[in-house]
A.B. asks: 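Below is one structure. I have some questions about it.
Throughout, protein chains are lettered first and strands after them, A, B, ... in sequence-line order, and every chain is numbered starting at 1.
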2 protein chains.
Amino acid sequence: METLTRNQQIVLDIINKSSEPLKAYTILSNVQKKGIKAPPQVYRALDKLIEMGKIHKIESKNAFVACQNSSCNVSKATAFSICESCEEVTEISNSKISKYLSNFAEKAGMEYKKYNLEFFGLCKKCK
Amino acid sequence: METLTRNQQIVLDIINKSSEPLKAYTILSNVQKKGIKAPPQVYRALDKLIEMGKIHKIESKNAFVACQNSSCNVSKATAFSICESCEEVTEISNSKISKYLSNFAEKAGMEYKKYNLEFFGLCKKCK
DNA sequence: TTACATAATGTTATTTTATAACAATAAACT
DNA sequence: AGTTTATTGTTATAAAATAACATTATGTAA
Ligand SMILES: [Zn+2]
Ligand SMILES: [Zn+2]
Ligand SMILES: [Zn+2]
Ligand SMILES: [Zn+2]
């Protein structure tokens with residue numbers, strides 16, 4: 001069980017508390033009172049947290065969310081649905097899809113290490 | 001059938017000629033001899049070309065590729081395999097995947113408009 | 001313990017990616 | 001022709017990410 005450093009814990013805490021994806025500079029401005037002063041400190045923490053599977057990056061938004069799927073401790077297969085109206089991002093528990101997709105990648109002759117899938121549309125509330 | 005403006009055509013040409021994804025500023029430096037001088041001109045053309053489905057953005061790379069799938073004239077469902085060794089990007093055109101994924105989105109209660117899927121790993125040549 | 005190696009942090013500056021804002025042309029429509 | 005709409009040109013700036021290097025903390029081994 002990997003133990004977090006001070007900066008990693010601070011960054012993770014703020015992401016965990018947020019109900020929406022946070023941008024790196026939003027995180028920075030929210031942790032400056034805790035002593036984190038510059039972008040590299042945030043980005044380093046983010047990188048490690050991603051490696052550990054504690055958070056994921058939403059590529060289409062350049063934003064970061066806590067892993068909502070406790071089993072996802074290696075972040076090798078991620079899937080999200082993103083509401084274009086309310087901006088809600090939900091992590092899709094990947095067991096259903098991941099089997100299908102890894103199977104596909106294999107057949108396609110690719111030695112796949114990970115994938116990222118992002119759905120865009122309207123969530124239940126907004127449609 | 002939509003007709004391209006001058007800048008759109010210039011940008012599309014250079015993307016079509018490239019065997020690899022191009023970054024916006026790489027495109028810019030390659031089209032300056034043709035009279036396109038500033039980032040907004042490139043980004044505007046890119047936006048329109050994406051809308052038309054002529055090109056796609058590889059989100060994880062902030063780079064742009066020509067659509068390799070002529071049927072993909074609305075860019076609502078895209079899938080790519082990305083080699084982490086040689087950086088090769090291949091557009092996956094597979095009706096089974098798109099059927100499976102749109103079906104999944106529907107069941108999940110989402111009114112989905114599009115998705116983007118990116119596989120990472122080693123291509124046939126590199127593995 | 002001390003000496004050495006490794007990892008994490010702090011800090012400044014810079015690079016890379018993308019957009020805001022507004023003036024000038026060109027194309028389409030009435 | 002006159003009016004609207006889309007596209008372009010241009011300057012400046014915002015937003016996202018990293019390079020480079022000095023410093024401090026942590027772990028390991030003599
Ligand atoms: Zn997860
Ligand atoms: Zn919504
Ligand atoms: Zn396509
Ligand atoms: Zn390869």
A.B. asks: Tell me whether the OP1 or OP2 atom of dG9(D) has a side-chain N or O from Gln41(B) closer than 4.0 Å.
C.D. replies: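 So the side chain of Gln41(B) is within the cut-off, an N or O lying under 4.0 Å from OP1 or OP2 of dG9(D).
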A.B. asks: Measure from the side chain of Asn62(A), starting at C-beta and using heavy atoms only, and say which of dT7(D), dA18(C), dA17(D) lies closest.
C.D. replies: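 Output: dA17(D).
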A.B. asks: Report the distance from atom NZ of Lys34(B) to atom P of dG9(D), rounded to the nearest whole Å.
C.D. replies: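 Whole-Å distance recorded here is 14 Å.
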A.B. asks: Distance check, rounded to the nearest 0.5 Å: Met52(B) atom CE versus Thr3(B) atom OG1?
C.D. replies: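 OG1 of Thr3(B) is found 8.5 Å from CE of Met52(B).
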A.B. asks: Can you figure out which of dT7(D), dT9(C), dA17(D) approaches the side chain of Thr5(B) most closely?
C.D. replies: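 Closest of the options to the side chain of Thr5(B): dT7(D).
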A.B. asks: Please round to the nearest 0.5 Å and tell me the distance separating atom CD of Glu59(B) and atom CD of Glu118(A).
C.D. replies: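 One gets 7.0 Å once the value is rounded to the nearest 0.5 Å.
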A.B. asks: Once the angle between the rings of Phe119(A) and Phe104(B) is folded into 0 to 90°, is it parallel (under 30°), tilted (30 to 60°) or perpendicular (over 60°)?
C.D. replies: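 Judged by the thresholds at 30° and 60°, the geometry between Phe119(A) and Phe104(B) is parallel.
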A.B. asks: How long is the line joining CD1 of Ile36(A) and P of dT11(C), in whole Å?
C.D. replies: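 Atom CD1 in Ile36(A) sits about 12 Å away from atom P in dT11(C).
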A.B. asks: Where the side chain of Pro40(B) is defined as all heavy atoms beyond and including C-beta, which of dT7(D), dT10(D), dA17(D) is the nearest nucleotide?
C.D. replies: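 For Pro40(B), the side-chain atoms sit closest to dT10(D).
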A.B. asks: Please work out whether the ring planes of Tyr100(A) and Tyr100(B) are parallel, tilted or perpendicular, with thresholds of 30° and 60°.
C.D. replies: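 Tyr100(A) and Tyr100(B): parallel rings.
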A.B. asks: Mind calculating the distance between CD1 (Ile27(A)) and P (dA17(D)) to the nearest angstrom?
C.D. replies: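 It is 10 Å, rounded to the nearest whole Å.
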A.B. asks: Let's see if you can work this out: which of dA17(D), dT17(C), dT9(C) has an atom nearest to the side-chain heavy atoms of Lys23(B)?
C.D. replies: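 Closest nucleotide among those given: dT17(C).
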A.B. asks: Specify the residue among Gln8(B) and Ala38(B) whose closest nucleotide of DNA chain D lies further upstream toward the 5′ end.
C.D. replies: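 Between the two, 5'-proximity favours Gln8(B).
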A.B. asks: Rounded to the Å, how far apart are Lys37(B) NZ and dA24(C) P?
C.D. replies: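 So the two atoms are 16 Å apart, to the nearest Å.
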A.B. asks: Pick the nucleotide of DNA chain C nearest each of Arg6(A) and Pro39(A); which residue has the one closer to the 5' end?
C.D. replies: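 Its nearest nucleotide being more 5', the pick is Arg6(A).
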A.B. asks: In whole Å, I'd like the distance from the OH atom of Tyr43(A) to the P atom of dT16(C).
C.D. replies: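 From Tyr43(A) OH to dT16(C) P: 15 Å.
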A.B. asks: Which value, rounded to the nearest 0.5 Å, describes the distance between Ile27(A) atom CD1 and Leu12(A) atom CG?
C.D. replies: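 Nearest 0.5 Å value for the CD1-CG distance: 10.0 Å.
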A.B. asks: Rounded off to whole Å, could you give me the CD1-to-C1' distance for the Ile10(B) and dT8(D) pair?
C.D. replies: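 Between C1' of dT8(D) and CD1 of Ile10(B): 11 Å.
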A.B. asks: Round to the nearest Å and state the distance from Glu59(A) atom CD to dT17(C) atom P.
C.D. replies: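 Nearest whole value for this atom pair: 13 Å.
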A.B. asks: Within the structure shown, what part of the strands sits under 4.0 Å from Lys48(B) by heavy-atom distance: base, sugar-phosphate, or nothing?
C.D. replies: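 Answer is sugar-phosphate: Lys48(B) comes under 4.0 Å of backbone atoms only.
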A.B. asks: For a quick check of understanding: with a heavy-atom distance under 4.0 Å over all strands, which category does Arg44(A) fall into, base, sugar-phosphate or nothing?
C.D. replies: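 Counting heavy atoms under 4.0 Å across all strands, the contact made by Arg44(A) includes a base.
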A.B. asks: Please confirm whether the shortest side-chain N or O distance from Lys61(B) to OP1 or OP2 of dT16(C) is below 4.0 Å.
C.D. replies: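 No, Lys61(B) has no side-chain N/O under 4.0 Å of OP1/OP2 on dT16(C).
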A.B. asks: Between atom CG in Asp47(B) and atom C1' in dT17(C), what is the gap in whole Å?
C.D. replies: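 About 13 Å, once rounded to whole Å.
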A.B. asks: Determine whether a donor-acceptor pair (one donor, one acceptor, N or O, separation below 3.5 Å) exists between the side chain of Tyr25(A) and the base of dA14(D).
C.D. replies: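 No, the side chain and the base share no sub-3.5 Å donor-acceptor pair.
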